[in-house]
A.B. asks: 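Sending over a structure as structure tokens; questions will come in a sec.
Residue indices begin at 1 and follow the sequence shown.
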Amino acid sequence: MDTLKTKSIKSIEEKMASFDRESLRYRVLESAKNFKTSWIEFGRALYSAWKDKLYKDWGFGSFELYTAKEIGIRKETAMKLLRSYYFLEKEEPQYLKDDFIQNAETPALPGYDSVDVLRRAKNNKMLDEEDYLKLKKGIFEEGRDAVSIKRDLTQIIRQRRELDTEEVLRQRKLATVKRFVGILKSLKKEIEISKLLPYPLIKEAQALIVKLESELP
């Protein structure tokens, strides 16, 4: 793996030598080289290249071809980087400020995988703000990795689904009881008017109705 990484970095450095240091194309390559310790800067540069379709000006017909041939990363990785960077830009811009990036120790900077998990949590309608803030704290303050955060996210979703299932069953019970009470009241009234049953039985039916209604909120 180290040999592959070395070859990849050498390839990027060779390409960098062909471009102006001030150009975005050069900065994207430079950021790719420093990917392990500076994914945020890489994501920022890559986002600019993707948003403005600059890769076409550089001779690549698609973003996937550009990331594969020039930078040496898969489209899936590139898109996760873009999504993670854009999420921070839109939802948590304070973490993109230069003073945060420069002052934060490298191990404390969240990985793009962790940010991607947080992004998915933000978009999950089953989670509330408290859940999101808990996951966010784990990433940015406690420095937890994507695997750990993903485990917490899975657990929260599982708990929410169990609660949802209980609520569905409760609502179904209430609807059934209400419907049953309505039918009993209608039949009781009909029986009373038609005098189809003796009064003691009608009284028992009324008692049953009262008892069932006590089960309703």
Side-chain angles (χ1 to χ4, degrees), residues 39-40 43 47 75-97 100 104 107-217:
W39 79 264
I40 291 177
Y47 179 70
K75 181 182 179 182
E76 291 78 6
T77 302
M79 295 310 296
K80 186 180 289 187
L81 274 165
L82 292 180
R83 287 192 294 264
S84 297
Y85 172 78
Y86 180 71
F87 172 77
L88 289 182
E89 184 180 81
K90 182 181 177 183
E91 302 290 345
E92 305 291 348
Q94 66 273 24
Y95 295 113
L96 293 178
K97 293 179 180 178
F100 172 80
L109 285 171
Y112 71 95
D113 280 323
S114 298
V115 174
D116 190 57
V117 175
L118 189 64
R119 177 189 64 82
R120 285 187 279 125
K122 182 73 173 182
N123 295 329
N124 194 312
K125 295 180 180 179
M126 296 182 69
L127 276 64
D128 57 25
E129 185 66 16
E130 185 177 346
D131 296 326
Y132 174 76
L133 291 176
K134 180 180 178 181
L135 295 172
K136 175 182 167 182
K137 180 180 179 181
I139 291 173
F140 288 102
E141 297 181 24
E142 300 171 5
R144 296 172 59 193
D145 61 20
V147 174
S148 175
I149 293 298
K150 192 179 296 182
R151 186 164 53 244
D152 284 357
L153 176 59
T154 301
Q155 183 177 1
I156 292 172
I157 292 174
R158 184 183 298 116
Q159 290 173 347
R160 291 290 180 276
R161 283 176 177 163
E162 289 174 356
L163 290 174
D164 285 350
T165 301
E166 292 176 3
E167 179 61 20
V168 168
L169 291 174
R170 189 181 75 85
Q171 293 293 343
R172 185 181 300 168
K173 173 188 173 183
L174 290 177
T176 302
V177 172
K178 284 181 180 179
R179 188 166 63 253
F180 187 34
V181 169
I183 293 171
L184 284 177
K185 284 183 176 180
S186 178
L187 290 174
K188 173 179 168 291
K189 185 176 181 179
E190 182 179 340
I191 290 171
E192 283 178 325
I193 294 173
S194 304
K195 298 180 180 180
L196 297 176
L197 291 174
Y199 178 72
L201 288 179
I202 294 176
K203 190 175 180 180
E204 287 183 16
Q206 178 60 34
L208 176 59
I209 290 172
V210 171
K211 187 173 182 180
L212 287 170
E213 286 182 328
S214 69
E215 294 292 319
L216 301 174

A.B. asks: Can L127 and L153 be said to form a side chain to side chain contact (heavy atoms under 4.5 Å, CB included), step by step?
C.D. replies: CA-CA 9 Å; L127 276 64; L153 176 59; 3.5 Å; yes
A.B. asks: If you round to the nearest 0.5 Å, how far is CD of Q155 from CG of D131?
C.D. replies: 11.0 Å
A.B. asks: Under 3.5 Å, side chain of S148 to main-chain N/O of R144, donor-acceptor pair present?
C.D. replies: no
A.B. asks: Let me confirm one number: the CG-CZ distance from N123 to R83, rounded to the nearest 0.5 Å.
C.D. replies: 11.0 Å
A.B. asks: If we only count heavy atoms from C-beta on, is the Y95 to P110 side-chain gap below 4.5 Å?
C.D. replies: no
A.B. asks: Working to the nearest 0.5 Å, report the span between CD of E142 and NZ of K136.
C.D. replies: 13.0 Å
A.B. asks: Between S214 (side chain) and K211 (backbone), is there a donor-acceptor pair under 3.5 Å?
C.D. replies: yes
A.B. asks: Kindly determine whether R120 and K150 satisfy side chain to side chain contact (heavy atoms under 4.5 Å, CB included), including the steps that lead there.
C.D. replies: CA-CA 10 Å; R120 285 187 279 125; K150 192 179 296 182; 3.8 Å; yes
A.B. asks: Check whether any side-chain heavy atom of D116 lies under 4.5 Å from a side-chain heavy atom of R119, and answer yes or no.
C.D. replies: yes
A.B. asks: In chain order, what residues pass the salt bridge (charged side-chain N to carboxylate O under 4.0 Å, His left out) check against E89, with sequence neighbours excluded?
C.D. replies: none
A.B. asks: May I ask you to test the L216-L174 pair for a side-chain heavy-atom distance under 4.5 Å?
C.D. replies: yes
A.B. asks: Report yes if some heavy atom in the side chain of Y112 is under 4.5 Å from a heavy atom in the side chain of T77; otherwise report no.
C.D. replies: yes
A.B. asks: Output the distance between atom CD1 (I209) and atom CZ (F180), rounded to the nearest 0.5 Å.
C.D. replies: 9.0 Å
A.B. asks: What pair of heavy atoms forms the shortest contact from L96 to L88, and how long is it?
C.D. replies: CD1-C, 3.8 Å
A.B. asks: Report the relative orientation of the aromatic rings in F87 and Y132; use parallel for angles under 30°, tilted for 30 to 60°, perpendicular for over 60°.
C.D. replies: perpendicular
A.B. asks: Ignoring hydrogens and angles, state whether a donor on the side chain of E92 or Q94 is under 3.5 Å from an acceptor on the partner side chain.
C.D. replies: yes
A.B. asks: Under the salt bridge (charged side-chain N to carboxylate O under 4.0 Å, His left out) rule, what do E213 and K185 come out as? Steps first, then yes or no, please.
C.D. replies: CA-CA 11 Å; E213 286 182 328; K185 284 183 176 180; 2.6 Å; yes
A.B. asks: Would you find more than 12 non-hydrogen atoms of other residues, nucleotides or ligands less than 6.0 Å from E76 atom CD?
C.D. replies: yes
A.B. asks: Under a 4.0 Å threshold between the charged nitrogen and the carboxylate oxygen, would K134 count as salt-bridged to E130?
C.D. replies: no
A.B. asks: For S114, what residues pass the side chain to side chain contact (heavy atoms under 4.5 Å, CB included) criterion, not counting sequence neighbours?
C.D. replies: I139, A146
A.B. asks: Before giving the answer on side chain to side chain contact (heavy atoms under 4.5 Å, CB included), spell out for L118 and I149 the whole-Å C-alpha distance, their side-chain angles and the decisive distance to 0.1 Å.
C.D. replies: CA-CA 8 Å; L118 189 64; I149 293 298; 6.0 Å; no
A.B. asks: Starting at CZ of R179, measure out to CG of L184 and round the result to the nearest 0.5 Å.
C.D. replies: 12.0 Å
A.B. asks: Evaluate the criterion salt bridge (charged side-chain N to carboxylate O under 4.0 Å, His left out) for residue pair D128 and R160; output intermediate values, then yes/no.
C.D. replies: CA-CA 10 Å; D128 57 25; R160 291 290 180 276; 3.8 Å; yes
A.B. asks: Could you give the distance from CD1 (I191) to CG (L197), rounded to the nearest 0.5 Å?
C.D. replies: 4.5 Å
A.B. asks: Would you check, one step at a time, whether the test side chain to side chain contact (heavy atoms under 4.5 Å, CB included) holds for V115 with W39?
C.D. replies: CA-CA 11 Å; V115 174; W39 79 264; 3.7 Å; yes
A.B. asks: Does K122, at its NZ atom, have more than 12 non-hydrogen atoms belonging to other residues, nucleotides or ligands within less than 6.0 Å?
C.D. replies: yes
